[in-house]
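One-based numbering, in listed order, for ligands and for the atoms of each. FYI, the numbering just counts along the sequence from 1.
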Amino acid sequence: ITKHYEYLVIGGGSGGLASARRAAARYGVSAAIIEGSGRLGGTCVNVGCVPKKIMWTASDTAKRVSEAKYYGMDVGNVPKFDWPNFVEKREAYIRRLNGIYERNLEKDKVDYISGWARFAGAKGEKMVEVSLLSGETAYYTADHILIAVGGYAAVPQDIPGGHYGTTSDGFFKLTEQPKRVAVVGAGYIGVELAGVFNGLGTETHFFIRGDTVLRQFDPMIQEAITSSYIKHGVKLHKQAKAFEKVAKLPSGALKITYEDIDGKSEIEVDALIWAIGRGPNSAGLRLDIPGVEIDKKEQIVVDAFQNTNVPGVYSVGDDIGWLELTPVAIAAGRRLSDRLFGGPQFKDSKLDYDNVPTVVFSHPEVGTIGLTEPEARKKYGNENVKVYNSKFVGMYYAVFDDQEKKESTIYKLIVGGPEEKVVGMHLVGDASAEILQGFGVAIRMGATKKDFDNCVAIHPTSAEELVTLV
Ligand code: FAD
Ligand code: NAD
């Protein structure tokens, strides 16, 4: 089979799907998408945002049920979580989404090519070879090719027995709830998965290299989530060095020999999850054939318009390693299609990667946009930065009899320059993910502290604190 398209997209995940559909549905471009896994939707739908949020909600619900007594409800003992049954329900939902994505492609007239792609032909050629899942090999050419192949979860190569561990991909394959787990890595995934396990009653050992989690975030967030996790019973192993070894015991359990702030020790767990970052799926693509440049981390090098160094070849999403978030891949993919196919009014269309709101589904939630306090002080100078803080116990906790169970909400607003423009906003507390979206719009529009103050508060809420800060 050989076929030519105007637009050929490699990777049926967040970025690829959004870009191909925009090109075909809005601009009538002949487009195809190549997806190797047999399931559309990519990381986010299959082994990322979606099943993660469902597990987070289960864990959050467990917390709310355990708190129902403070609201005068006798729910007896906290019900046992039926992990196997719930995982089946979750996966059935994901399969429904896979089907919806397939039908959307049909509706938008994007051809769906099921198979693994790589470049082929002589050096300098822009031809794509696909090992179709049906067993045949097909070749495609196109005026424009988008690489949106996403990434893979890293596993350390130098730890004896490290391969007994799994990654977030393996987390979603767990059909039984582990009694004891070790999670390694203090970023988004480590924090989210450790929170889910702990909330659902698994003994959770969380290994981090420093003293706090979420080290890329504002110090307030680092400290708040680190202490909250300890308070909620996560066994946090600070200053953990690389494991000396991981051994598999006859029982199937894993014995981890480690060293942390308290010295050398051993633990037994039923599962070990590496959450130490992700790398791009660029290796098998034969990028040397068209001559697409990659960097030291094998990430695809692009400019602000998502162009690679090869004319007519572009990349968006996790494989460029800029901001590994689904809405970022989607927005970049759509803007690229607007620029390529939307005519002169879109000739400068590109994604602005500044002030992208992002959240961590921890317990409690984290929301953040813009600069951290150290970044703001560096950029604007100490004298031009003002920081507004608010720490309070939300009304939800007012009727809790047990002081220990009350949780703090913490907000920080960072303003810069004489007009007090909001340059950073950092939230820890219930509903932060939902609260942040609207404030994101205001901050993108250049809101100042005065604009915040001019907005009348909504009472009684937690978010009202953000427009009444003094
Ligand atoms: P992907 O969605 O990974 O899609 C790439 C696709 O390309 C895949 O389907 C893959 O099979 C296919 N592919 C790869 N190589 C080839 C090839 N050679 N031929 C054909 N097909 C190929 N982001 C958020 O915004 N919010 C969240 O809550 C969130 N939670 C996450 C939780 C976890 C556990 C993980 C791992 C990620 C999470 N993310 C979240 C990040 C988000 O999933 C990614 O940023 C997003 O999926 C990136 O989209 P993409 O299009 O670049 O790649
Ligand atoms: P990450 O980069 O956020 O965190 C990786 C962590 O592992 C860092 O804290 C790092 O210091 C640590 N680490 C690295 N090597 C280590 C080692 N050898 N031993 C111990 N620790 C080590 O990566 P991630 O958590 O894997 O997530 C990947 C990306 O996916 C994120 O950066 C984010 O963009 C995206 N994501 C987003 C969400 C969300 O939007 N809620 C959720 C999950 C993932």
With atoms numbered from 1 as shown, which atoms in ligand 1 lie under 4.0 angstrom from a non-hydrogen atom of A148?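 Heavy-atom distances to A148 below 4.0 Å select 5 (C), 6 (C), 7 (O).
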
Check your understanding: Near G15, which atoms of ligand 1 are under 4.0 Å from a heavy atom of that residue?
Key ->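 Selected atoms, number and element: 51 (O).
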
Between [X] and ligand 1, which residue portion shows a heavy-atom distance shorter than 4.0 Å: side chain, backbone, both, or neither?
{"X": "V149", "answer": "both"}
{"X": "T358", "answer": "neither"}
{"X": "K52", "answer": "side chain"}

Name the option, out of [options], that contains the heavy atom nearest to [atom].
{"atom": "atom 40 (O) of ligand 2", "options": "T43, V360, V213, L325", "answer": "L325"}
{"atom": "atom 47 (O) of ligand 1", "options": "C44, G42, S19", "answer": "C44"}
{"atom": "atom 21 (N) of ligand 2", "options": "R278, R209, E365", "answer": "R209"}
{"atom": "atom 39 (N) of ligand 1", "options": "C49, G36, G48", "answer": "C49"}
{"atom": "atom 45 (O) of ligand 1", "options": "D318, L323, I33, D319", "answer": "D318"}
{"atom": "atom 34 (C) of ligand 1", "options": "V47, I113, V9", "answer": "V47"}
{"atom": "atom 5 (C) of ligand 2", "options": "G277, G151, G210, G279", "answer": "G277"}

Can [X] be said to touch ligand 1, with heavy atoms closer than 4.0 Å?
{"X": "N46", "answer": "no"}
{"X": "G333", "answer": "no"}
{"X": "G284", "answer": "no"}
{"X": "R278", "answer": "yes"}

Under 4.0 Å from a heavy atom of G185: which atoms of ligand 2 are those, numbered in the order shown and with their elements?
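By the 4.0 Å cutoff, the relevant atoms are 7 (O), 21 (N).
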
So that I can tick it off, tell me whether R286 and D288 are bridged by a salt bridge, with the cut-off set at under 4.0 angstrom between side-chain N and carboxylate O.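 Answer for the salt bridge query: yes.
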
With heavy atoms only and a cut-off of under 4.0 Å, state how [X] meets ligand 2: side chain, backbone, both or neither.
{"X": "R215", "value": "neither"}
{"X": "E192", "value": "side chain"}
{"X": "T326", "value": "neither"}
{"X": "A275", "value": "backbone"}

| What residue and atom, counting heavy atoms only, is the protein's closest point to atom 22 (C) of ligand 1, and at what distance? |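 Here the closest protein heavy atom is W116 CZ3, 3.5 Å.
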
| task | List the closest protein heavy-atom neighbour of atom 12 (C) of ligand 1: residue, atom name, distance to the nearest 0.1 Å. | result |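 Answer, as residue, atom name and distance: E35 OE1, 3.2 Å.
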
Practice task
Determine the minimum heavy-atom distance between D270 and A253, stating which atoms define it.
Solution key: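 For D270 versus A253, the nearest heavy atoms are OD1-CB, 4.3 Å.
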
Check: Looking only at side chains, do T372 and H426 share a donor and an acceptor under 3.5 Å apart?
Finding: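 There is no such pair between these side chains.
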
Give yes if a backbone or side-chain nitrogen or oxygen of E192 is under 3.5 Å from a nitrogen or oxygen of ligand 1, and no if not.
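N/O-N/O distance under 3.5 Å: no.
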
| T43 N/O to ligand 1 N/O under 3.5 Å |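 Min N/O separation from ligand 1 is below 3.5 Å for T43.
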
*asked:* Does W274 form a ring-ring contact (aromatic ring centres under 6.0 Å, His included) with F243? I'd like the steps, not just the answer.
replied: CA-CA 12 Å; W274 298 112; F243 292 161; 5.7 Å; yes

_Counting only heavy atoms from other residues, nucleotides and ligands, does the tally under 6.0 Å from OH of Y101 exceed 12?_
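Counting other residues, nucleotides and ligands, OH of Y101 stays at 12 neighbours or fewer.
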
query: Where does the angle between the aromatic ring planes of W83 and F81 fall among parallel (under 30°), tilted (30 to 60°) and perpendicular (over 60°)?
result: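 W83 and F81: perpendicular rings.
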
Checking the N or O distance criterion of under 3.5 Å, is ligand 2 in contact with E324?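 N/O-N/O distance below 3.5 Å exists for this pair.
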
task: Find out whether S337 and R26 are in side-chain contact, i.e. whether some heavy atom of one side chain is under 4.5 Å from a heavy atom of the other.
output: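 Contact flag for S337/R26 side chains = no.
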
